[in-house]
Amino acid sequence: MAIQYICRHCQTKIGQLDQSHVNEELLGFHFLTPEERQSIISYNPNGDVTVRVVCDYCKEALEHNPELSLLASPLQ
């Protein structure tokens, strides 16, 4: 099972964990509400997990230009 972290805005791959002994509690997923889990985490048919977060570049761009958050795909 691989866990891939992808930026939700620019789709850049941020990182990947390939360890089978990592569980959702170790990753902090248990702190998320069901709605947050649904919008952040997706489970792939092959058993891999994709976690959509915000990379540093997009975070900085959104902080300096908050109006970008009004667009569907602000940072492509």
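The first residue of the sequence shown is numbered 1, and numbering continues consecutively from there.
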If two hydrophobic side chains count as joined below 4.5 Å and joins carry through other members, does Val22 share a cluster with Leu32?
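Hydrophobic grouping puts Val22 with Leu32.
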For the side chain of Glu36 and the backbone of Thr33, is there at least one donor-acceptor N/O pair under 3.5 Å apart?
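Pair found, side chain donor or acceptor close to backbone of Thr33.
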Check for a donor-acceptor pair, side chain of Asn44 on one end and backbone N or O of Gly47 on the other, with a separation under 3.5 Å.
no
Would you indicate whether the side-chain heavy atoms of [Y] and [X] approach each other to under 4.5 Å?
| X | Y | value |
| --- | --- | --- |
| Val49 | Leu17 | no |
| Val53 | Arg8 | no |
| Gln11 | Ile6 | yes |

Which residue pairs pass the salt bridge (charged side-chain N to carboxylate O under 4.0 Å, His left out) test when at least one of the two sits in residues 12-29, sequence neighbours left out?
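Listed by first then second residue: Glu24-Arg37.
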Only pairs at least two apart or in different chains count here, so list each salt bridge (charged side-chain N to carboxylate O under 4.0 Å, His left out) that has a residue in residues 38-54.
none
Kindly indicate, with the supporting measurements, whether the criterion side chain to side chain contact (heavy atoms under 4.5 Å, CB included) is fulfilled by Thr50 and Ile41.
CA-CA 6 Å; Thr50 301; Ile41 304 168; over 6 Å; no
Return yes when atom [atom1] of [X] has more than 12 non-hydrogen atoms of other residues, nucleotides or ligands closer than 6.0 Å, and no otherwise.
| X | atom1 | result |
| --- | --- | --- |
| Gln38 | CD | no |
| Asn46 | CG | yes |
| Tyr43 | OH | yes |
| His30 | NE2 | yes |

Check step by step if side chain to side chain contact (heavy atoms under 4.5 Å, CB included) holds for Gln16 and Ile3.
CA-CA 5 Å; Gln16 180 171 322; Ile3 302 165; over 6 Å; no
Show, in sequence, the C-alpha distance, side-chain angles and deciding distance for Ile40 and Phe29, and conclude whether the side chain to side chain contact (heavy atoms under 4.5 Å, CB included) test is met.
CA-CA 10 Å; Ile40 295 172; Phe29 294 168; over 6 Å; no
OH/Tyr57 to CG/Leu62 distance, rounded to the nearest 0.5 angstrom?
10.0 Å
Hey, could you give me the SG/NZ distance between Cys7 and Lys59, rounded to the nearest 0.5 Å?
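The NZ atom of Lys59 is 12.0 Å from SG of Cys7, to the nearest 0.5 Å.
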